[in-house]
S.K.: 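Following this message is one structure expressed as structure tokens.
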There are 4 protein chains.
Amino acid sequence: MRIISVAAELFALKGYGIVTNKDVARAAGISTGALYYYFSSKLEMYVEVFWSLQARVDERIDSAMTGVDTLDGRLRAILEVAHSLNAEDPSIARFQGTARVDRIRHPELLEAIPNPPGEGARVMERLIADGVKTGEVTLERRQQVRAVVRTIFVGLIDSQSDDLERHRQAIDGLIALLDHKLLVPARKARA
Amino acid sequence: MRIISVAAELFALKGYGIVTNKDVARAAGISTGALYYYFSSKLEMYVEVFWSLQARVDERIDSAMTGVDTLDGRLRAILEVAHSLNAEDPSIARFQGTARVDRIRHPELLEAIPNPPGEGARVMERLIADGVKTGEVTLERRQQVRAVVRTIFVGLIDSQSDDLERHRQAIDGLIALLDHKLLVPARKARA
Amino acid sequence: MRIISVAAELFALKGYGIVTNKDVARAAGISTGALYYYFSSKLEMYVEVFWSLQARVDERIDSAMTGVDTLDGRLRAILEVAHSLNAEDPSIARFQGTARVDRIRHPELLEAIPNPPGEGARVMERLIADGVKTGEVTLERRQQVRAVVRTIFVGLIDSQSDDLERHRQAIDGLIALLDHKLLVPARKARA
Amino acid sequence: MRIISVAAELFALKGYGIVTNKDVARAAGISTGALYYYFSSKLEMYVEVFWSLQARVDERIDSAMTGVDTLDGRLRAILEVAHSLNAEDPSIARFQGTARVDRIRHPELLEAIPNPPGEGARVMERLIADGVKTGEVTLERRQQVRAVVRTIFVGLIDSQSDDLERHRQAIDGLIALLDHKLLVPARKARA
DNA sequence: CATGAATGAGTCTTCATTCAT
DNA sequence: TATGAATGAAGACTCATTCAT
């Protein structure tokens, strides 16, 4: 629906608390009252935006993971998905970033959107579990891997999703990092 | 000042838009009117909180970098600083996370706190430039390194700073990543 | 009409101000738009409900009074009518109660439904005038009788019409009062 | 407080749902925002008005009942209290009338003001119980007496409290009724 | 230095009403 | 006949800010 897509963009940019019904209504070309014909509240509108975007992300990640069975391969695949999604519609990633902080800032949102939402958690568990099976992740490092993967994806969303070129560089850099090619050992320091 | 420290905590937790003057006043044990004796506006109060925390971070990073001259060593040092700062006062990292999004959400803040703020940018440039000197960063990968470093530190702040244990795991994981020890090549892949 | 009867029930329960067109429409199984095919406004709908119920009451009171020619007998007859009407359709009395206050609260209603409405006033005048004829009411007490009768019937509607059993007790009590049997002289008082 | 007294008058006249904060604010000579400095919500304001008026009524009824020990005497005393209260401040009775219907129409009010409120119920029970002791009320007629007393007082409030003269006539008529003097037996009807 | 009282603009939400279909 | 979509005015409530004391 038109309303959901303009709302997504506004929420992505400004967050739940700052975007007013008036903002959404004006951007959608209707009156604020009309919003209540479609959603029972601002909160519900936000929730619908959330799941609508989440669905697109989940679908893409799912299909990117099928046919790849190493953790290493999957990480690369997901990084590429992240980039192409960002290229197609930058508000998706931006929205995910703001949604994480909005769910903390507005308790109503946390209640309406249980934590952790969507496939996110499921994908992560699958990643780790399968990584253990392939031997890529040792049992002792499981938590570390989880933490690093989370750090990287959150960092990507929060710090790079507003500039497509930089986003590409971050992706390429991270792939190089996986390839041990990002950094070269230092020449004898101080030599 | 007492007001700044309670304000820091509140802003870190809830963000600029949600924390009210009344919240700050009550937490500081004064009236809202009194706030205006110390700050000319809520905005100014926020700015002062910002620089007060930023100063502590800058100082720590600066001192962590002196005496280390490889990019690799510096990254490890800064990661450790990030962790110990987080252990000492969790609201510092939290505030930095919320400040990044609040500066986007509230244009007045962006105007009052130019982007990128503080030493952040200077440190980053120094890191890269010296990395080139030591040969760790090739000229073609400069942008990638910058993007990856930024991704990692933002990811750390945004995704791990609310749980000290997980924060430690992320730090250890990232160090292992630098050591090429986080992930082991897959068995199957070699079959 | 179906609409009028569901509207009557809703208005009786909640009053003019609180019942929305949507409430009525939903209860009648149509859309709010359709309401405007039958009535030109919410106000007009209310007025039609009013007269529709009033007609039923008037008719019953009229027929209860014919053939009885003392004030005393008529009061008893009307009390019984009040009870049987309440037993048949409790929303009639309830509506009359709410209508009295709604006509005060919403000036538009007062304008649309002149005060005092319906046969009420006519019946009262007949009662008093004939009571004077039969000698039951002295000239000096005319106003008092009018006021007491009004007090009793309003009290019945407003305080008892939501519970049929209590309503019966009130009716029986009032008849006992007319018979000088409700209260017995106090023992102590005679001591 | 000034606000409470003007609010009482407005609520008495128009009821909870129709009186707006703006109405109260304008009548009190302040802004709507200022209301929230004194009350946390419109509901709370209403509740305070309620208890403030109820306190005055309770006190008067209590003192009217002391020293009188027959039911008959007490009823007369309370009727006189009703009249003098109405003479002093007509909004008290009017408010009690509207409050009864508002508590039904607005469930929040019922929750905030438990039913039955104030001394009302206590006074009624005392009246009946002592009436049984003095022999004025037989055991079988207890419920009837309760219902009649309730009917009369509700009727007085709801139908007469807006006109002091008529109120007086109703009181006098009711006293005459207790004295068996309101109505005279009919001369041979039809004779 | 500090407060309590107050303001007014702005927010979400409701609802009678309209109208093209 | 009837509907679904939409409007716009109004209502409760919040909050940064001001100011006399």
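Below, read A as the first sequence line, B as the second, and so on, with proteins coming before strands; counting in each chain starts at 1. Remember, predicted model here, so these are calculated numbers, not experimental data. In what follows, every heavy atom counts, from backbone to side chain, and hydrogens, waters and symmetry copies are set aside.
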S.K.: How about E111(C): does its CD atom have over 12 heavy atoms from other parts shown lying under 6.0 Å from it?
M.R.: no
S.K.: Do other residues, nucleotides or ligands put more than 12 heavy atoms under 6.0 Å from the CD atom of E108(C)?
M.R.: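 Above 12, so yes.
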S.K.: Specify the separation, in whole Å, of atom NZ of K14(D) and atom C1' of dG11(F).
M.R.: 16 Å
S.K.: With a 4.5 Å cut-off on side-chain heavy atoms, are Y16(A) and T98(A) touching?
M.R.: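 The answer is no; the side chains never approach within 4.5 Å.
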S.K.: So what is the 5' to 3' dot-bracket string for DNA chain F, if pairs are Watson-Crick or G-U wobble with both distances under 3.5 Å, crossing pairs use [ ] and | means the partner sits on another strand?
M.R.: .||||||||||||||||||||
S.K.: At 4.0 Å (heavy atoms only), tell me whether V19(B) reaches a base, stays on the sugar-phosphate, or touches nothing.
M.R.: sugar-phosphate
S.K.: CD1 of I3(A) versus P of dG4(F): gap in Å, rounded?
M.R.: 17 Å
S.K.: By nearest nucleotide on DNA chain E, pick out whichever of G33(D) and S31(B) is the more 5' one.
M.R.: S31(B)
S.K.: If you take all heavy atoms of A93(C) and S161(C), which pair is closest and at what distance?
M.R.: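 Result for this residue pair: CB-CB, 3.6 Å.
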S.K.: Mind calculating the distance between OH (Y37(C)) and P (dG4(F)) to the nearest angstrom?
M.R.: 18 Å
S.K.: Would you mind reading off the distance between R26(A) atom CZ and dG8(F) atom C1', rounded to a whole angstrom?
M.R.: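 The answer, rounded to whole Å, is 15 Å.
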S.K.: Roughly how far, to the nearest 0.5 Å, is CE of M45(D) from NZ of K42(D)?
M.R.: 7.0 Å
S.K.: How far apart are the C-alpha atoms of K14(A) and D23(A), what are their side-chain angles, what is the distance that settles it, and do they pass the side chain to side chain contact (heavy atoms under 4.5 Å, CB included) test?
M.R.: CA-CA 11 Å; K14(A) 290 292 190 172; D23(A) 293 337; over 6 Å; no
S.K.: Check this one for me: any side-chain N or O of Y36(C) less than 4.0 Å away from OP1 or OP2 of dT17(E)?
M.R.: yes
S.K.: Identify which nucleotide among dC15(F), dT7(F), dA16(E) has an atom closest to any side-chain atom of T20(B), counting heavy atoms from C-beta outward.
M.R.: dC15(F)
S.K.: Where the side chain of T32(D) is concerned, which of dC13(F), dT17(E), dA2(E) is the nearest nucleotide?
M.R.: dC13(F)
S.K.: Taking the side chain as every heavy atom from C-beta outward, state whether V24(C) and V19(C) have any atom pair closer than 4.5 Å.
M.R.: yes
S.K.: Report the distance from atom CG of N21(C) to atom P of dT17(E), rounded to the nearest whole Å.
M.R.: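 Taking atom P of dT17(E) as the reference, CG of N21(C) is at 6 Å.
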S.K.: With sugar-phosphate meaning primed atoms plus P, OP1 and OP2, does I30(B) contact a base, only sugar-phosphate, or nothing at under 4.0 Å between heavy atoms?
M.R.: sugar-phosphate
S.K.: Do the non-hydrogen side-chain atoms of V101(D) and R105(C) ever get within less than 4.5 Å of each other?
M.R.: yes
S.K.: Would you jot down, in residue-number order, the residues of residues 39-48 of chain B having a non-hydrogen atom under 4.0 Å from DNA chain E?
M.R.: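 Those residues: none at all.
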S.K.: Tell me: OH of Y16(A) to P of dT11(E), nearest whole Å?
M.R.: 14 Å
S.K.: Give the rounded distance in Å between these two atoms: NZ of K22(D) and C1' of dG11(F).
M.R.: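 One finds 9 Å between C1' of dG11(F) and NZ of K22(D), rounded.
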S.K.: Between I3(D) and F39(D), is any pair of side-chain heavy atoms under 4.5 Å apart?
M.R.: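 Side chain of I3(D) against side chain of F39(D), heavy atoms only: contact under 4.5 Å found.
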S.K.: To the nearest Å, how far apart are I18(D) CD1 and dG11(F) P?
M.R.: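 For the pair I18(D) CD1 and dG11(F) P, the rounded distance is 11 Å.
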